[in-house]
Amino acid sequence: MNIFDQYLDKIEKIILDLSKNNKLVLPEKLDGITAEIPPSKFNSDISTNVAMVLSKANQKPPSDVADIIAEAIKQSDELIENITIVKPGFINIKFKSVFWTNFIKEVNKNSKTFGINTKEKKKNYLVEFVSANPTGPLHVGHSRGAILGDVIANILLFNKHKVTKEYYVNDYGNQIVNFTKSVFFRIREITFNEPFPYDNEDLYPGDYLIDFAKNIINTNNNISYNDFNKISVQLTALSIEEALKLIKKNLNSLGINHDNFVSEKKLVTNLEVEKVIDFFEKNKFVYKGKIQAPAGGDNNKWVEKEQLLFKSTDFGDDKDRVLQKSDGTWTYFASDVAYHKNKLDRKFDHLINILGADHAGYIKRISSSVEALSNSKDKLICKVSQLVKLIKDKKPFKMSKRKGDYITVDDLINEVGKDATRFIMLNRSSDVELDFDFDNVIEKSKDNPLYYVQYSYARIASVFRHLGIDLKSEIKIKKQDFKYSDDEISILKKISEWPKCIDSASKKLEPHRIPTYLYELASLFHSYWNLGKDNPQKRFINDEKKITDEKLIFLKVISDVVKSGMNIVGVSVPEKM
């Protein structure tokens, strides 16, 4: 039950009727009319801008148009207590208390579908996220992007879209050669007691490679580790397999499972890069040319060479991009274009890429290539996951005990757990840096948003447990004439915003809206709970150890919304804390 959509439909019907009766002039398209949450300073429940949208067509001030529409709204709905007009022409609607009685009964009746946008056309999305090089464990920076991608997928799934979660495995190129050599030297270190060549800056020095090496030795005792070149293909496959096992373990500890893992190497060996180049050549999107030295680089060492370039400037990029180097090898970008062609061939309505902060500059070129491949500017949506700063005792926190100079996902999970990691990583918009404060995460107070939301659910569960009622079961009652106080209605108003929160999070792909909403709802609930300390009428269980029907439904609806939101975030709702 989305009251904002309902009243938007009602308003549009009213202005159509006014137009038929020659009381209003309507433009050709009724675009831009909204029904929104009014600012808290106004004692209203819904605000609409319809009068300002129609002002120009009617050649009247918005306030005059608002007078006409407000009168018609008032006459059409007996559940409205009053309507006020606020400059320059907003129409603010306040409902009678019986409206909220009807609302909570409807929400309780349809608790399993409350929040879902039933009017929206359902689409097929591919969400590609994490896609870290398969050369070692995931670090904290990866975890934020991983959780962002996973919860975006959860929001879309909640809204009944079809979603595929995908990981692009960059298992081709120089970094994989260097990674495999690093494993080889670790094997030599274990088998022949040879020192690992730490002075080679191209190698991966992390201690985790010792585990990779031991696993490979134990399961492949028929391989001779004397000549790297002779075993490089086999050892590469084994090393990537070990890396992916660890990455999948890291993801699983975050509560994340991908549907597909797509290999870059397989795209290359299947000649998909050549196929996409053929497509570009047929459509005259490529040419042989030279590119200038990068701005700010050492231009004295730059050598201009003729290379195969993609005309990305034709699609909004700031410069054309290299697909094939002068030595005939493909660039990483060429493989990435082939991968996106592969995505497009699978007929998704939208492609969503979650990128790390260090890849933000990559958006223009890959968006340009997808536009060239699909003839659509809206096919690809890129979201950037900004950096995470870990703080403990008000200082930057470094806790990794393994060489490699980064903090792993496992380190973080071991320190604070999956729930805190997921919830706090979503606590701010993904496009701004996040301070992950360990002191706040373990605090049992309002300053710890995860605790505060979970505690609201646990408090409700304690009431149901005391009454011997299963919180998870459907609540059916006979009484229908509920009466709610202003304090309770303020919480019901927040409940009414849940579908709007889901809608915004889904359309804008902004998962942080969910924990923000849950925290606001929890804050209202805790404030109401605390009123019961001094006012017996505000207590849920009365002196006779019973609960009224209105309070029972009230608690059940709040708990259902909290649980629904926490399920989307991928966080537990304990019944005892």
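All residue numbers in this chain count up from 1 along the given sequence.
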If you define the side chain from C-beta out and look only at heavy atoms, does anything of [X] sit under 4.5 Å from [Y]?
X      : Y      : answer
Lys123 : Phe348 : no
Pro197 : Leu203 : yes
Ile502 : Asn117 : no
Tyr362 : Phe333 : yes
Arg144 : Leu434 : yes
Glu128 : Leu351 : no
Val169 : Leu244 : yes
Met566 : Phe423 : yes

Can you name the nearest heavy-atom pair linking [X] to [Y], along with the distance?
X      : Y      : result
Phe4   : Ala35  : O-CB, 3.4 Å
Asp202 : Asn178 : O-CB, 3.3 Å
Asn124 : Lys347 : ND2-O, 4.1 Å
Leu373 : Lys341 : CD2-CD, 3.7 Å
Pro134 : Ala243 : O-CB, 3.2 Å

Check the orientation of [X] and [Y]. Use parallel for under 30°, tilted for 30 to 60°, and perpendicular for over 60°.
X      : Y      : value
Phe184 : Phe228 : perpendicular
Phe285 : Phe310 : perpendicular
His139 : His142 : parallel

The residue among Thr219, Ile223, Val183 that forms side-chain contact (heavy atoms from CB on, under 4.5 Å) with Leu238 is Ile223
So salt bridge (Lys or Arg N to Asp or Glu O under 4.0 Å) across residues 378-396, not counting sequence neighbours, yields Lys389-Glu433, Lys392-Glu415
Quick note, salt bridge (Lys or Arg N to Asp or Glu O under 4.0 Å) partners involving residues 164-176, not counting sequence neighbours, are Asp150-Lys165, Glu166-Arg346
> Charged N to carboxylate O below 4.0 Å: is that the case for Asp410 and Lys249?
Replying inline: yes
- Query: Do NZ/NE/NH1/NH2 and the carboxylate oxygens of Glu510 and Arg513 come within less than 4.0 Å?
  - Reply: yes
How long is the straight-line distance from [atom2] of [Y] back to [atom1] of [X], given to the nearest 0.5 Å?
X      : Y      : atom1 : atom2 : answer
Asp358 : Leu387 : CG    : CG    : 8.0 Å
Ile277 : Leu308 : CD1   : CG    : 5.5 Å
Ile190 : Leu209 : CD1   : CG    : 10.0 Å
Leu138 : Leu254 : CG    : CG    : 7.5 Å
Ser326 : Lys290 : OG    : NZ    : 10.5 Å

Determine, stepwise, if the pair Asp318 / Arg321 fulfils salt bridge (charged side-chain N to carboxylate O under 4.0 Å, His left out). CA-CA 9 Å; Asp318 52 359; Arg321 303 292 178 174; 3.0 Å; yes
Please tell me whether [X] and [Y] have a donor and an acceptor in their side chains that are separated by less than 3.5 angstrom.
X      : Y      : result
Ser239 : Thr180 : no
Glu242 : Asn215 : yes
Tyr287 : Asp320 : yes
Asn270 : Lys265 : no
Ser506 : Asp503 : no
Ser368 : Asp317 : no
Asn49  : Thr34  : yes

*Kindly indicate, with the supporting measurements, whether the criterion salt bridge (charged side-chain N to carboxylate O under 4.0 Å, His left out) is fulfilled by Glu189 and Arg186.*
CA-CA 5 Å; Glu189 181 182 42; Arg186 285 299 188 188; 2.8 Å; yes
Any chance [atom1] of [X] has more than 12 other-residue heavy atoms, nucleotides or ligands included, within less than 6.0 Å?
X      : atom1 : value
Asn174 : CG    : no
Tyr167 : OH    : yes
Lys181 : NZ    : no
Asp327 : CG    : yes

*From CA spacing to verdict: salt bridge (charged side-chain N to carboxylate O under 4.0 Å, His left out), Lys119, Asp9*: CA-CA 12 Å; Lys119 296 167 65 176; Asp9 290 343; 3.2 Å; yes
* Asked: Between Lys377 and Phe315, is NZ or CZ placed under 6.0 angstrom from the six-membered ring centre and within 45° of the ring axis?
  -> no
Taking the six-membered ring of Tyr225, is NZ or CZ of Arg188 closer than 6.0 Å to its centre and within 45° of its axis? no
Result for side chain to side chain donor-acceptor pair (under 3.5 Å) between Ser224 and one of Asn222, Asn226, Asp227 points to Asn226
(request) Check the pair Glu36 / Lys500 against salt bridge (charged side-chain N to carboxylate O under 4.0 Å, His left out), numbers first and verdict last. (result) CA-CA 9 Å; Glu36 299 291 343; Lys500 204 163 187 64; 3.5 Å; yes
Carefully, step by step, assess Asn250 and Ser253 under the rule side chain to side chain donor-acceptor pair (under 3.5 Å). CA-CA 5 Å; Asn250 294 157; Ser253 69; 5.2 Å; no
Tell me if the centroids of the rings in Phe438 and Phe436 come within less than 6.0 Å of each other.
yes
